[in-house]
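Note that ligands are numbered from 1 as they come in the structure, with each ligand's atoms numbered from 1 the same way. Worth knowing before you read on, the calculation uses all heavy atoms, side chains too, and leaves out hydrogens, waters and symmetry mates.
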Amino acid sequence: MNPVWTKLRDHRHAQAETRITSLFEADPTRAEACTTTADGLVFDWSKTMIDQTALALLLELADPVPAARKAMFAGERINETEDRAVLHTALRNLSGAIMVDGRDVMPHVREVHDHMRDFATRVRDGSFAGQGGTITDVVNIGIGGSDLGPAMATRALRPYHDGPRIHFVSNVDGADIADTLRHLDPETTLVIVASKTFTTIETMTNATTARDWMADKVRVPASQFVALSSAEGRTAQWGIDADRVFGFEDWVGGRYSVWGPIGLSLMIAIGPRRFDEFLAGAAAMDAHFQTAPATQNLPLMLALVGIWHHQICGYGTRAVLPYDNRLGRLPAYLQQLEMESNGKRVAMDGSDLILPSGPVVWGEPGTNGQHAFYQLIHQGTAIVPCEFIVAAKGHEPELAHHHLLLIANCLAQSEALMHGRSFEEARALMAEKGLSGSELERQARHRVFPGNRPSTTLVVEQLTPFVLGQILALYEHRVFAEGVILGLNSFDQWGVELGKELALRLAPMLEGQDVPCHDPSTRHLVDVILDMRD
Ligand SMILES: O=P(O)(O)OC[C@H]1O[C@](O)(CO)[C@@H](O)[C@@H]1O
């Protein structure tokens, strides 16, 4: 193991009695010095215990990142366990050439992008119509990366919607599709089946249900279906015309796919021009990641803060707290991005990872979370590093006072986490209320905030398509840099396979067939459920 890990742990140990506030006392320029910027994005990591020594050591850990980054952008097969290149970045840098196995992949990327633009425009202007006329509703059926990215981004960019209504169906629970289709008119609905593999059981089950629903009213239901997939043979078998199939290659991972065909629903919602701005934001972050020096490199600094909190300080989870209601699905999106990418236990070379891999990522938009789980964040025994995200401007000028309150709450939380409230301050409060003696002491203890709890704050000017592109690419590169530093493969996801296989084997048991496998507990649960269904 790189001895820098031990040095970092020793340093952390030595800091045990130091408080974040004392770092500010020692360095009056800390707020500015510990702020990293990229094209208008401002990332403040000053409210952490990363001091000069920690930073220098963390930067040493980042030594392998530039070579790995170069290999990724160049189209090398860095996803070694699936023997694939990793080129989601090619979907947003549409000029130039990228060679994979001696072939320039960019002409095909541009062709598909043009096809998407053309189709989205025709849906939006009515020249592509359903049996009942102009498309009023689009239903994206997909799951995981074929749902979370477009669903999150479509919600995030609601102020820019000027196309048909967009709906997302992901869960195999029939409630999801039933609740969605109930209010739609099949004659004016377009169904997008988004599945890289076109085999995912949830998506194919929902797609078949949608086709049956449409068949009741529409003479040729498949004519109102679109496929977004790398499996063109399967989309044809399913009956979707090749001119409504938008393909992408195996070097685009599901959770990295919103930039290409999987983003079609978003493109229909906001239009191709806005979608291009979204891509341009990501491309700007790609350029920054590739060229900014390490200490000014925003994705790298975000990664190092993540490594510091999880692998060095040992904090088990990371809360993402966007103070933006439209980023309500960002935590779920980042859960897949970060946990499916870096939730591993084996290093790239097949050996056991010595270090803990990725943390649990979770969160909710502020201010809602404040009235739910912030109690634990402030006074619980577990320390949760918080990653706040806030925009200086909202999209509702007539409601500017709401936005100011939103910002005030965001900043207040990070301040409260860092400063806390001492026992002496709590005692003084209780004394003011007239308490005394042992009751004052007891009540004061409940009102102490230990403080010294780390957080970072990402400030953006406004959540535009460009800025959303920047934010998502920032997190993608953060995950990549963390994966490189940990020595694992961030681009496979074998951990999701076993449960899928067992579900397929269990399904016949729930139909009453006797399947001679499964453990006694599972067989018992099947019996209980079958009894209840009788
Ligand atoms: O696009 P597909 O092939 O339907 O896969 C959906 C999702 O399933 C996963 O393979 C995991 O279950 C994700 O990585 C992926 O985003």
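- Contacts of V496 with ligand 1, taken as heavy-atom pairs under 4.0 Å, involve the side chain alone.
- Interface atoms of ligand 1 facing T197, defined by a heavy-atom separation under 4.0 Å, are 2 (P), 3 (O), 4 (O).
- Close approach to I143 involves these atoms of ligand 1, each under 4.0 Å from a residue heavy atom: 6 (C), 7 (C).
- Listed here is the closest heavy atom pair of G149 and V258: C-CG2, 3.7 Å.
- Cation-pi check for R211 over W238 is met; the charged atom lies under 6.0 angstrom from the ring centroid and within 45 degrees of its normal.
- Within the listing of ligand 1, atoms 1 (O), 2 (P), 3 (O), 4 (O) sit less than 4.0 angstrom from a heavy atom of S195.
- For ligand 1, the atoms closer than 4.0 angstrom to any heavy atom of G145 are 15 (C), 16 (O).
- With hydrogens and angles disregarded, a donor-acceptor distance shorter than 3.5 Å links the side chain of N342 to the backbone of V479.
- Residues passing the ring pair (Phe, Tyr, Trp, His ring centres under 6.0 Å) test with Y256, sequence neighbours excluded: H88, F491.
- For ligand 1, the atoms lying closer than 4.0 Å to a non-hydrogen atom of S146 are 1 (O), 2 (P).
- The distance from ligand 1 to the heavy atoms of T200 drops below 4.0 Å at these ligand atoms: 2 (P), 3 (O), 4 (O), 5 (O).
- We find that E76 and R84 are not joined by a salt bridge, their nearest charged nitrogen and carboxylate oxygen being 4.0 Å or further apart.
- Protein heavy atom closest to atom 8 (O) of ligand 1, with residue, atom name and distance, is K500 NZ, 4.1 Å.
- Counting only heavy atoms of the protein, atom 13 (C) of ligand 1 lies nearest to E340 OE2, 3.4 Å.
- Ion pairing of R122 with D125 is absent here, as no side-chain N (NZ or NE/NH1/NH2) approaches a carboxylate O to less than 4.0 Å.
- Contact record, K344 with S341: NZ-O, 2.8 Å, taken as the closest heavy-atom pair.
- For K196, a nitrogen or oxygen atom sits less than 3.5 Å from a nitrogen or oxygen atom of ligand 1, counting backbone and side chain alike.
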